[in-house]
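This report refers to the structure that appears directly beneath it.
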Amino acid sequence: MAIGEASGEAAGETAGRDFIRDIIADDLAAKRRSKVVTRFPPEPNGYLHIGHAKSICLNFGVAEEFGGQCHLRFDDTNPTKEEQEYIDAIKADVRWLGFDWGAHLHHASDYFEQLFAWAEHLIQSGKAYVDDQSQDEMRAKRGTLTEAGQNSPFRERKVEENLDLFRRMRAGEFDNGARVLRAKIDMASGNINLRDPVLYRILKAHHPRTGTAWSIYPSYDFAHGQSDAIEGITHSLCTLEFEDHRPLYEWFLANLPVPSKPRQYEFARLNLTYTVLSKRVLTELVRGGHVKSWDDPRMPTLAGLRRRGVPPESLRDFVKRIGVSKSNSIVDMGMLDFSIREVLNTTAQRRMAVLRPLKVVIENYPESKTEELEAVNHPENEAAGTRKLHFGREIYVERDDFMEVPEKKFYRLSPGSEVRLRYAYFITCREIVKNAAGEVTELRCIYDPATKGGNAPDGRKVKATLHWVSAADAVKAEVRIFNQLFSKPDPDASNFAGDLNPQSMEVLADCQIERSLVDYKAPVQFERQGYFCRDIDSTPQKLVFNRTVGLRDTYSKVSGVKPPGQK
RNA sequence: UGGGGCGUAGCCAAGUGGUAAGGCAGCGGAUUUUGAUUCCGCCAUCCCCUGGUUCGAAUCCAGGCGCCCCAGCCA
């Protein structure tokens, strides 16, 4: 029986109940299992994305919660698509997400010899045969979704001949595609996976781990369940599309002398709005130059999210919130944003940075004077301390914080209005300076010396507080704003080019940032704007920041004015 | 009349015969030197549809409808 009304107390990291956890709890309670062993089984043919994060959190999370273990096992059975680069990246990503496989790093290729022996076992028991048909012939005889297939003319080959042929396949005597080893099950099955599935194919390719030792490789179906059995996996969790494979998975376990009997359970894979979670598409995005790299901050890859500044805690929180079920769903990207803000709000220190600078000259502030003002680093965490801000006659404020003709709900700077400069003074706009083209190039303001620190002794209130930066002290920097990679909530994965958002990245090259940011490396909140992190493209000469996510913005909702590049 | 799944609010998602949890989004309002955060309150007479069983059904039965997956020597 399910326990936990799950709420409150327990480790914030513990996920709630779901059908998988219920099954496991049941198995344990009924003593069908004495421990829990799961596995995360990526194929090293691409980078991990947020959909994998769901699986990783599920597999490692469940093992942790029930005091079991989770293995990292590379499903490396297709050397034509797999690369060492991916193996290394996957390990780094899983670790970054916060999980540890301990001594349990495995590979399907570790079991190639055993798998081969089991294939011979099947041949010997008359349950597998070598088929000489071409790929096209096999396809033609497989039948259709509504019609049964036809038996291969090689289906009744003698055991000895099958054994001999299979061994020669391994020895490399035949060309790629010349023959395959097939299970002898049922060509008329309604489940196409049972129509004599291929167990081994000839693939003369270099394997990242076994090199050229093999010229035949097992198929996914023949390798996966048996690898699970070898490792003593108890609950083999995979996505819905493998549901049809379960009868085959069980067929092998029933017909082979395996050391344990794992059970497969399927859950729905993650889908997110405004992006695509398909290795094929992600690979094309990279190879086609639509993004700069696998770790481009616009990518839903773990590497991309990491570079963008998303903390691993946010991903874990997100996965916990979306739950695990069997219904296909498309999760709103806003959920991810929420989890990112949730974590960053409490961990990121605050700083000021002006992204689109507008110069302000405070006319009644003495030309030669400068001051040091104190600012808190985190409004909800005193332990984060304070820092000094340089203040002078000339400062920069955000261009969006000024409107020559303010609209109804706009209560920032406009001619004659008074606002507060955070941690500094109240200022009032007196005059607008424009260039020949009529664009505002400078604001002339006056300040009230009595409001130092940001409060008026006479109790006078102000409707807005602006972030700012000292013109004399600020440092120039580049800031990259990322928007949705796709312009549609449900991009067409089979023809994605047309759905790409042309404004997915916006580079602001002339930002003015607070000096203290020069050697601040942690995730940070630029007040009133969002969470940012230093990008690896930064050099001592040029700092580059990535916007991880913007702050919630209720103003743009009421005004209908969205920041540039946003929808 | 191929096989396998799934259908609870705009989006996730609990619930498995006793009278619709929770989260995201949204909407009000309080606090606020971030239009942020925080805090309060609102937000499914109804669970794909139609019948039926029952004192009582989202939950059971029957029949429909809709969506997803499968015809790789990919995983």
Side-chain angles (χ1 to χ4, degrees), chain A residues 5-7 16-18 41-43 45 75 77-78 80-82 131 133-135 138-139 142-149 176-182 188-195 197-203 216-217 219-221 223-224 238-247 266 268 273 279-280 318 320-339 341 345-346 350 352 375-376 379-380 409-412 420-424 426 453-455 462-467 489 525-530 550-559:
Chain A
E5 262 35 294
S7 56
R17 279 288 163 186
D18 52 63
E43 181 192 11
N45 65 344
D75 232 328
T77 58
N78 186 352
T80 65
K81 294 187 176 174
E82 298 152 7
D131 195 337
Q133 292 182 105
S134 69
Q135 203 164 158
M138 269 184 62
R139 189 175 10 252
R142 188 155 23 233
T144 68
L145 293 179
T146 54
E147 300 162 50
N176 284 354
R179 293 179 224 265
V180 292
L181 180 70
R182 291 228 260 173
S189 174
N191 182 339
I192 291 175
N193 293 300
L194 263 21
R195 319 240 266 225
V198 169
L199 271 29
Y200 270 91
R201 71 282 211 199
I202 299 170
L203 241 39
I216 56 173
Y217 291 88
S219 60
Y220 161 84
D221 288 302
H224 204 94
C238 62
T239 43
L240 255 28
E241 65 270 29
F242 292 101
E243 215 148 17
D244 285 346
H245 293 242
R246 191 174 353 112
E266 312 84 14
T273 56
K279 272 196 202 171
R280 195 209 95 228
F318 170 72
K320 183 172 60 183
R321 280 171 198 280
I322 59 174
V324 181
S325 77
K326 297 193 66 152
S327 47
N328 285 314
S329 61
I330 303 177
V331 176
D332 191 321
M333 186 63 97
M335 282 257 212
L336 210 212
D337 290 343
F338 177 86
S339 290
R341 293 191 189 105
N345 176 47
T346 62
R350 270 104 241 234
M352 292 200 283
V376 307
E380 286 151 36
K409 294 280 195 155
F410 186 87
Y411 44 82
R412 276 113 87 157
R420 169 168 44 230
L421 292 178
R422 179 144 233 225
Y423 301 121
F426 283 11
N455 282 307
V462 98
K463 290 273 280 182
T465 298
L466 270 39
H467 62 276
Q525 179 193 106
F526 287 173
E527 295 217 40
R528 302 209 304 135
Q529 311 200 85
L551 252 29
R552 231 177 120 240
D553 182 4
T554 45
Y555 171 69
S556 67
K557 274 172 196 154
V558 317
S559 68

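Everything numeric here is computed off the predicted structure, so don't read it as measured data. All chains are named by letter (A, B, ...) in the order of the sequence lines, taking the proteins before the strands, and each is independently numbered beginning at 1. Excluded from the calculations below are hydrogen atoms, water molecules and symmetry mates; all remaining heavy atoms, backbone and side chain alike, are included.
- Taking a cutoff of 4.0 Å between a charged side-chain nitrogen and a carboxylate oxygen, R246(A) and E266(A) qualify as a salt bridge.
- Of the candidates C11(B), G5(B), A71(B), the closest approach to any side-chain atom of M335(A) belongs to C11(B).
- Nearer the 5' end of RNA chain B, as judged by each residue's closest nucleotide, is the contact made by R420(A), out of R420(A) and A178(A).
- Under 4.0 angstrom from either OP1 or OP2 of G72(B) there lies at least one side-chain N or O belonging to R139(A).
- Between N191(A) and H245(A), every side-chain heavy-atom pair lies at or beyond the 4.5 Å cut-off.
- The side chain of F338(A) lies closest to C24(B), out of C74(B), C24(B), U37(B).
- Rounded to whole Å, the separation between the P atoms of G3(B) and U45(B) comes to 37 Å.
- Here the separation of G23(B) from A13(B), taken at their C1' atoms, is 8 Å to the nearest Å.
- In this model, the phosphate group of C73(B) is not approached by any side-chain N or O of R182(A) to a distance below 4.0 Å at OP1 or OP2.
- Spacing between atom CD of E241(A) and atom C1' of C68(B) amounts to 11 Å, rounded to whole angstrom units.
- Using atom C1' as the reference point in both C11(B) and A44(B), the two lie 15 Å apart (nearest Å).
- Looking at heavy atoms from C-beta onward, R182(A) lies in side-chain contact with Q133(A) at the 4.5 angstrom threshold.
- In terms of phosphate contacts, S219(A) brings no side-chain nitrogen or oxygen within less than 4.0 Å of OP1 or OP2 of G72(B).
- Residue contacts for K463(A): at a heavy-atom cut-off of 4.0 Å it reaches no nucleic acid atom on any strand shown.
- Atom P of nucleotide U34(B) and atom CD of Q529(A) are separated by 15 Å, given to the nearest angstrom.
- Looking at heavy-atom distances under 4.0 Å, V198(A) makes contact with sugar-phosphate atoms alone, never a base.
- Nucleic acid contact for T239(A): none, since no nucleic acid atom lies under 4.0 Å from a heavy atom of the residue.
- No contact: F426(A) has no heavy atom under 4.0 Å from any strand.
- Nucleotide G51(B) forms a pair with C61(B), judged by Watson-Crick or G-U wobble geometry with both contacts under 3.5 Å.
- One can place CE of M138(A) at 7 Å from C1' of C73(B), the figure rounded to the nearest angstrom.
- Checking U34(B), U37(B), C11(B) against the side-chain heavy atoms of E380(A) singles out U37(B) as nearest.
- At a threshold of 4.0 angstrom between heavy atoms, the contacts of P379(A) include nucleobase atoms, whether or not backbone atoms are also involved.
- Between Y555(A) and R412(A), the closest side-chain pair of non-hydrogen atoms falls below 4.5 Å.
- Here A36(B) presents its P atom at 11 Å from CD of Q525(A), a figure rounded to the nearest Å.
- As a whole-Å value, the separation of D221(A) CG from C70(B) P is 14 Å.
- Residue-level contact check: T144(A) touches the bases, meaning some heavy atom is under 4.0 Å from a base atom.
- The C1' atoms of A75(B) and A36(B) are separated by 44 Å, rounded to the nearest whole Å.
- A distance-only check finds a donor-acceptor pair linking the side chain of S325(A) to the backbone of S327(A) [under 3.5 Å].
- When both distances must be under 3.5 Å, the Watson-Crick or G-U wobble mate of A14(B) does not exist.
- Among the protein residues, Q133(A) comes within range of the nucleic acid bases, having at least one heavy atom under 4.0 Å from a base atom.
- Phosphate contact (OP1/OP2 of A75(B), side-chain N/O of R201(A), threshold under 4.0 Å): present.
- Using N1 to N3 plus N6-O4 or O6-N4 for Watson-Crick, or N1-O2 and O6-N3 for G-U wobble, each under 3.5 Å, C67(B) pairs with G5(B).
- Checked against G2(B), G35(B), C12(B), the side chain of Y555(A) finds its nearest nucleotide in G35(B).
- Between S339(A) and the phosphate of C24(B), there is no side-chain N or O to OP1/OP2 separation shorter than 4.0 Å.
- Figure legend. A30(B) is base-paired to U38(B); pairs are counted as Watson-Crick or G-U wobble with both atom distances under 3.5 Å.
- Comparing A71(B), A75(B), U34(B) against the side chain of L145(A) picks out A71(B) as the nearest.
- Rounded to whole Å, atom P of C69(B) lies 16 Å from atom CG of N191(A).
- In this structure, F242(A) reaches the bases: a heavy-atom distance under 4.0 Å links it to at least one base atom across the strands shown.
- Pair check for A21(B) finds none; no Watson-Crick or G-U wobble contact set falls under 3.5 Å.
- Within the structure, a side-chain polar atom (N or O) of S327(A) is placed less than 4.0 Å from OP1 or OP2 of A13(B).
- For G72(B), one of the phosphate oxygens OP1 or OP2 lies less than 4.0 angstrom from a side-chain nitrogen or oxygen of R142(A).
- A salt bridge links E243(A) with K326(A); the closest basic N to acidic carboxylate O contact falls under 4.0 Å.
- Side-chain contact between L466(A) and R528(A) is present, with at least one heavy-atom pair separated by less than 4.5 Å.
- Residue contacts shown for E243(A) are limited to sugar-phosphate atoms, with no base heavy atom under 4.0 Å away.
- No donor-acceptor distance shorter than 3.5 angstrom exists from the side chain of T239(A) to the backbone of E241(A), with no hydrogens or angles considered.
- With G5(B), U34(B), C73(B) as the choices, the nucleotide that has an atom nearest any side-chain atom of L551(A) turns out to be U34(B).
- Across A75(B), A36(B), A14(B), the shortest atom-to-atom separation from the side chain of H245(A) is found for A75(B).
- The residue I202(A) sits apart from the nucleic acid: no heavy atom pair falls under 4.0 Å.
- The main-chain N or O of E147(A) is found under 3.5 Å from a side-chain atom of T144(A) such that the two form a donor-acceptor pair.
- For the pair N328(A) CG and G5(B) P, the interatomic distance rounds to 14 Å; values are reported in whole Å.
- For E527(A), taking side-chain heavy atoms from C-beta onward, the closest of the listed nucleotides G5(B), C70(B), U34(B) is U34(B).
- Side-chain contact between N78(A) and Y217(A) is absent, with no heavy atoms from C-beta onward closer than 4.5 Å.
- Considering only side-chain N and O atoms, R528(A) lies under 4.0 angstrom from the phosphate OP1 or OP2 of G35(B).
- Distance from the side chain of N78(A) is smallest for C74(B) among the nucleotides G35(B), C73(B), C74(B).
- For I192(A), whose side chain is taken as the heavy atoms from C-beta onward, the closest listed nucleotide among A75(B), G2(B), C12(B) is G2(B).
- Using a 4.0 Å heavy-atom cutoff across all strands shown, V324(A) reaches sugar-phosphate atoms only and no base atom.
- D244(A) places its CG atom 11 Å from the C1' atom of A71(B), with the value rounded to the nearest Å.
- Within 4.0 Å (heavy atoms only), Y200(A) reaches no atom of the nucleic acid at all.
- Its glycosidic angle being within 90° of 0, G72(B) falls on the syn side.
- Only the P atoms considered, G41(B) is 14 Å distant from C24(B), to the nearest whole Å.
- Spacing of P atoms, G51(B) relative to C47(B), comes out at 13 Å, to the nearest Å.
- Among the atoms of the strands shown, base atoms are found under 4.0 Å from some heavy atom of N455(A).
- Nucleotides G7(B) and G29(B), compared at atom C1', are 37 Å apart to the nearest Å.
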